[in-house]
Protein chains: 2
Amino acid sequence: MGKPRKPQDCGSQQRALERLEALCRARGQRLTRQRRAVLRQLLAEGRALSAYELLARLRPEDGRSTPAGVYRALECLMQAGVVHRLESTRSFILCGHPEAPHGGQLLICRTCGQVVETEDERVEAATGRLGQRLGFSLDQRFVELTGVCERCRVPQTAH
Amino acid sequence: MGKPRKPQDCGSQQRALERLEALCRARGQRLTRQRRAVLRQLLAEGRALSAYELLARLRPEDGRSTPAGVYRALECLMQAGVVHRLESTRSFILCGHPEAPHGGQLLICRTCGQVVETEDERVEAATGRLGQRLGFSLDQRFVELTGVCERCRVPQTAH
DNA sequence: TCGCCAAATGATACATTGTATCAGTTGAAC
DNA sequence: GTTCAACTGATACAATGTATCATTTGGCGA
C-alpha cells in the first residue's frame, strides 16, 4: 500500500470542511464536535480509513472518543451523503462529489489504496434494468471494482 | 427475515453435492471432509450463512470445528468458484451456476434473504468499460444490489 | 433568558467476524 | 511403505461493530 499524497492544502481543506458542514445541515443533520472531527480526519487523510484507524486519530485530540461514538458519527455522515462505506475493505471515505445524487461506483486501487468515485450512467442504467428484470425494487447498489490504477501499473515511464 | 424454503429434496441435494465436488477437483482443490461438510450445510440451507452460523451447524456433527477451519474451507471453496461471499452482509452462499465463468452480480432481498445470482451482460460490459475509462485494470468486481424481491413485495395477490 | 425535550454523547460491556501460529495428521505420488 | 506438501486442530488473539443506560448538550418555545 503506497501513500496517496494529501489531496489539498490547509486552506482548501478548511473551505472543503465548511462546504461539507453546510451540506450536512442542509440535509437535516446537526454537525457536532465529534462529527466535525471525523470529517476533518477523513479530509486530512484523503483516503479510506477503518473506523478504528479513525478512532486512533481522534483519541489524541479527544481522549473520550469511543468505537460507538465513531460509528455513530459515521452513520450520521453517511446519512447526510458526505461519507461512503467501502464494503469490500470495511472502511470509510469522504464522498468525492457530495452535492450530486447518490449511489455511485467505487474503483479501488489495490496498490496505492486510491479510491475513485463515479456516477457512471451506463452502470446505473444496467444495474437498474437488471433489478427490474428480476423483479427487485432496489434500494441500495454496491458497486466496488478493485484493480490496479494507471499510475501504479506504469509508475516509471511517466518521468 | 422470512425463511426461504429449502431449494431441493435430498436426492437432488446429493446429486448437487457430487457435481460440486467434481468441480472442485477439476479446479485443483482437494475436497476434504471439512470442505464437504461446509458445502453440504450451504446446500441444505439454501441461503447465505455467516461463517459462525456455519460453524454452529457443523459443531453438532464434528465437535472439533473451529472458526479458522471454517474460514479455511470457505477460502478454498471460493477459490474453486463454488461459493461466493456477500460483502455487504458478511455471509457466504453457494454459487448458483458454478460451471459458468465468474464474477457476477448478486441481488439480495432484504425481506426474505433470498439471493439471486446473475451474469448480466450489460452490467459486465458497463463495469468493464468504466474500469477502462478510468485507467484501472480490474481484477474483482463486487456488484451487490439490495432491495425487495417480487414475492415479498406483493405477497398476497398471487393466491 | 429560562427550562424543556429530543438528540447526542460517554462509558462500559459485549457480540461478531476474521487471523496467526504451530504442532500434529493425512493423503497423493512415487 | 515413505515422504512431503497440504490440511487440520487447538489456542490465542486481532479487528470490527452494537447494546444499554446514565448524563450532557443544543435548539426552541414560553
Side-chain angles (χ1 to χ4, degrees), chain A residues 1 21-22 24-42 48-80 82-93 113 142 144, chain B residues 1 21-22 24-42 48-80 82-93 113 142 144:
Chain A
M1 286 297 237
E21 291 187 12
C24 288
R25 264 188 264 273
R27 290 170 186 164
Q29 302 287 358
R30 281 187 204 169
L31 217 286
T32 62
R33 178 180 49 80
Q34 232 178 180
R35 295 169 187 177
R36 198 191 325 276
V38 167
L39 269 189
R40 196 157 10 85
Q41 289 299 335
L42 283 174
L49 289 175
S50 77
Y52 280 79
E53 284 173 333
L54 265 171
L55 182 60
R57 281 161 178 72
L58 294 174
R59 277 259 158 89
E61 62 183 45
D62 179 356
R64 292 173 309 178
S65 298
T66 62
V70 171
Y71 280 103
R72 284 188 290 222
L74 287 168
E75 176 65 29
C76 159
L77 296 169
M78 288 192 292
Q79 205 78 46
V82 300
V83 165
H84 295 300
R85 174 203 297 256
L86 283 76
E87 295 292 337
S88 61
T89 59
R90 270 146 250 190
S91 60
F92 302 84
I93 192 166
F142 301 108
E144 300 185 11
Chain B
M1 284 297 234
E21 291 187 14
C24 287
R25 264 188 264 274
R27 288 169 187 166
Q29 302 286 357
R30 284 187 203 167
L31 216 285
T32 62
R33 176 179 50 80
Q34 232 177 180
R35 294 170 188 177
R36 198 190 327 274
V38 168
L39 269 190
R40 196 157 10 87
Q41 289 299 338
L42 284 175
L49 289 174
S50 79
Y52 280 77
E53 286 174 332
L54 264 172
L55 182 61
R57 282 161 178 71
L58 293 174
R59 277 260 159 89
E61 61 183 46
D62 179 356
R64 292 173 309 180
S65 298
T66 61
V70 171
Y71 279 103
R72 284 188 292 222
L74 287 168
E75 175 65 29
C76 160
L77 295 170
M78 287 193 290
Q79 204 79 46
V82 300
V83 165
H84 295 302
R85 175 203 297 255
L86 283 75
E87 296 293 335
S88 60
T89 59
R90 270 144 249 188
S91 60
F92 302 86
I93 194 167
F142 301 106
E144 301 184 11

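The sequence lines fix the lettering, A, B, ..., with proteins before strands; numbering per chain opens at 1.
When all heavy atoms of B/Glu21 and B/Leu31 are compared, the closest pair comes out as CG-CD1, 3.8 Å. Between A/Val38 and A/Ala73, the shortest heavy-atom distance links the atoms CG2-CB, 3.8 Å. For the pair A/Leu74 and A/Ala51, the tightest heavy-atom approach, listed with the atom from each and the gap, is CD1-CB, 4.3 Å. Nearest heavy-atom pair, B/Met78 versus B/His84, reported as atom, atom and distance to 0.1 Å: SD-C, 4.3 Å.
A/Leu54 contributes atom CG, which lies 5.0 Å from atom CG of A/Leu42 (distance to the nearest 0.5 angstrom). Remark: B/Gln34 CD to B/Leu39 CG distance equals 12.0 Å, nearest 0.5 Å. Note that CD of A/Glu61 is 5.5 Å distant from CD of A/Gln41, once rounded to the nearest 0.5 Å.
Overall bending of the helix from C/dT1-D/dA30 to C/dC30-D/dG1, expressed as the angle between end axes built from five pairs apiece, is 30° (10° steps).
In this structure, the CG atom of B/Leu55 is 16 Å from the P atom of C/dA15, given to the nearest Å. Per the geometry, CZ belonging to A/Arg59 stands 11 Å off C1' belonging to C/dA11, to the nearest Å. Between A/Asp62 atom CG and D/dT25 atom P there is a gap of 12 Å when expressed in whole angstrom units. For the pair A/Glu53 CD and D/dG17 C1', the computed distance is 15 Å after rounding to whole Å. The CZ-C1' distance, from A/Arg64 to D/dT23, rounds to 12 Å in whole Å. Computed from coordinates, the A/Leu86 CG to D/dG17 P distance equals 12 Å when rounded to whole Å. When the P atom of D/dG26 is taken as reference, atom CG of A/Leu31 falls 12 Å away, rounded to whole Å. In this structure, A/Glu75 atom CD and C/dA7 atom C1' are separated by 15 Å, rounded to whole Å.
Phosphate contact (OP1/OP2 of D/dG9, side-chain N/O of B/Arg33, threshold under 4.0 Å): present. Side-chain nitrogen and oxygen atoms of A/Ser50 include at least one within less than 4.0 Å of the OP1 or OP2 phosphate oxygen of D/dT16.
With contacts defined as side-chain heavy-atom distances shorter than 4.5 Å, the pair A/Glu87/B/Glu144 does not qualify.
Looking only at distances, no side-chain donor or acceptor of B/Arg35 sits under 3.5 Å from a matching main-chain atom of B/Leu77. Listed for the B/Arg90 side chain is no donor-acceptor partner under 3.5 Å among the backbone atoms of B/Ser50.
No engagement by A/Ser65 is indicated, since no non-hydrogen atom pair under 4.0 Å with the nucleic acid exists.
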Any N/O pairs under 3.5 Å between the protein and nucleotides 18-20 of chain C? List them or say none.
from	atom 1	to	atom 2	distance (Å)
C/dG18	OP1	A/Arg90	NH1	3.3
C/dG18	OP1	A/Arg90	NH2	3.4
C/dG18	OP1	B/Arg85	NH1	3.1
C/dG18	OP2	B/Tyr71	OH	2.6
C/dG18	O5'	B/Tyr71	OH	3.2
C/dG18	N7	B/Tyr52	OH	2.7
C/dG18	O6	B/Tyr52	OH	3.3

Contacts under 3.5 Å, N or O only, protein and nucleotides 2-7 of chain D:
from	atom 1	to	atom 2	distance (Å)
D/dC7	OP1	B/Arg35	NH1	3.2
D/dC7	OP1	B/Arg35	NH2	3.3
D/dC7	O5'	B/Arg35	NH2	3.2

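By the 4.0 Å N-to-carboxylate-O rule, A/Arg57 lies too far from A/Glu53 to be salt-bridged with it.
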